Protein chains: 2
Amino acid sequence: MIEKNTELKIIEAARKVFLVRGYSGARMQDIADEAGINKAMLHYYFRNKDKLFESIFSESVNNIRDIFSQSLNSEKEIDNTLINFIATYSEFIKNNRYLPSFIINEMQQGSEMVEDLFKKNIKMYPIEFIKKLKKEQSLGTLEKYDPLQIIVSIIGLCLFPVLAQPVLKILFDYDDNKYDKFLTERVAFLQKFIIKGLKK
Amino acid sequence: MIEKNTELKIIEAARKVFLVRGYSGARMQDIADEAGINKAMLHYYFRNKDKLFESIFSESVNNIRDIFSQSLNSEKEIDNTLINFIATYSEFIKNNRYLPSFIINEMQQGSEMVEDLFKKNIKMYPIEFIKKLKKEQSLGTLEKYDPLQIIVSIIGLCLFPVLAQPVLKILFDYDDNKYDKFLTERVAFLQKFIIKGLKK
DNA sequence: TTTGTATTCAACTATTTGGTTAAATTATTT
DNA sequence: AAATAATTTAACCAAATAGTTGAATACAAA
């Protein structure tokens, strides 16, 4: 019997394996098993490991980019922009645990191929948000910090607890439920903490 | 001629390779080349890849733990504790770029062996710092945030720009010099931003 | 010097892993 | 139904990689 969605099944399996194990840790056999197909099928649909990886990595970069620009540009006023971004971005990351560490890690390796894919797909600079910040800064409502320091801080505050989840769970002796609660509560904490830190 | 510090050379080479490439990305041959010795020497001094990895990973966890507790407990007063921690920790991380991502990544894989090594070596809970925070909170000088949220935030703010360095460099179109400047300037920014965010 | 021990290496083996192929099966078109 | 095209598989092959071995060399102690 011919399976209609073999390609989709492969993509889903590859996503699962690559995101957790990374390029060098991923095994073609594992991906085939996860997809419930024969290993040769992978090479039928995708010429080789590199090509399969490329499609997963590109897709991942696109996802991060989309949710980022989408959640950063939805509201007009700066406070609401921040509140909305923190909530939306945190939620997305929570549901896509492995996405940030996957991208960060592959980029760390410094391979030409990965860097090119990243550059090709990311195309994003938060120009509108920076304008908003600068305007508030010149009005005297926000501290005159470097906008990029601010952006890195906000993203980092959202991402880090998910990036470091396995480490922090052990450090704090939290089980899955407790850590989930920790992440949920973090949204309100961040909204208050960040705005307090930025306001003059 | 017998080389006196072969074991040390191996450790240094293994550190270099493992920290950047991770367990699965590291090649015994690369480590041997980096150390300037024969591949068989690795197995003479360390039985196998796992044993060599274990010693590097344990050492890394110990380093992180030491610098953490050391820079967190040096000062008495809360403001100075924070200012000192941010400066010391940031400086350490800047000089040990790959340490955080190495540990976080290997922990992400969820292997029994790595998790056990981590638990065995970390043994750290910032009890003194939490006491200090709670005292200030009850005095009304600090906002009544969950101490763990605070700690995760401070660490994340210091670590994230180094974790995500390759990504952020491309996003901001910064070269090595510019990014180095960004990290240097970040210390003062964080000291101000964090204290403002925490103070009532 | 001689003897024993630690160190080093080149060449080898075993295993893992990515990739190929040819044949069989299923679907689609004529 | 027959012919053609697409899909799937088992059984391979080739390359990469971890690990082994035995001989040679250097050093230290007797």
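Quick caveat, the model's predicted, so the values are computed rather than measured. So that the names make sense, note that chain A is the first sequence line, chain B the second, and so on, each numbered from 1.
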Please check the phosphate of [N] (OP1 and OP2 only) for any side-chain N or O of [X] closer than 4.0 Å.
X     : N      : answer
A/T6  : D/dT8  : yes
B/Y44 : D/dG19 : no
A/H43 : C/dT20 : no
A/Y45 : D/dT8  : yes

Between atom [atom1] in [X] and atom [atom2] in [N], what is the gap in whole Å?
X     : N      : atom1 : atom2 : value
A/F46 : C/dG18 : CZ    : P     : 16 Å
B/Y23 : C/dT16 : OH    : C1'   : 12 Å
A/D33 : D/dT9  : CG    : C1'   : 14 Å
B/R27 : C/dT17 : CZ    : P     : 10 Å
B/L42 : D/dG19 : CG    : P     : 10 Å
A/M41 : C/dG18 : CE    : P     : 18 Å
B/N48 : C/dT15 : CG    : P     : 15 Å
B/N38 : D/dG19 : CG    : P     : 15 Å

*Any donor-acceptor pair under 3.5 Å linking the side chain of B/Y89 with the backbone of B/N84?*
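Such a contact is absent between B/Y89 side chain and B/N84 backbone.
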
*Salt-bridge test for B/E91 and B/K94: reply yes if a basic N is under 4.0 Å from a carboxylate O, no otherwise.*
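Not counted as a salt bridge, because no side-chain N and carboxylate O are separated by less than 4.0 Å.
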
*Test: B/D176 and B/K169 ion pair at under 4.0 Å*: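 Yes.
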
*Establish whether the base of C/dG19 is bridged to the side chain of A/K49 by a donor-acceptor pair shorter than 3.5 Å.*
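Looking at the base of C/dG19, it does not pair with any donor or acceptor on the side chain of A/K49 (distance under 3.5 Å).
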
*Would you indicate whether the side-chain heavy atoms of B/I154 and B/Q149 approach each other to under 4.5 Å?*
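Contact flag for B/Q149/B/I154 side chains = no.
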
*How is A/A26 classified with respect to the nucleic acid when contacts are heavy atoms under 4.0 Å: base, sugar-phosphate, or nothing?*
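Counting heavy atoms under 4.0 Å across all strands, the contact made by A/A26 is with sugar-phosphate only.
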
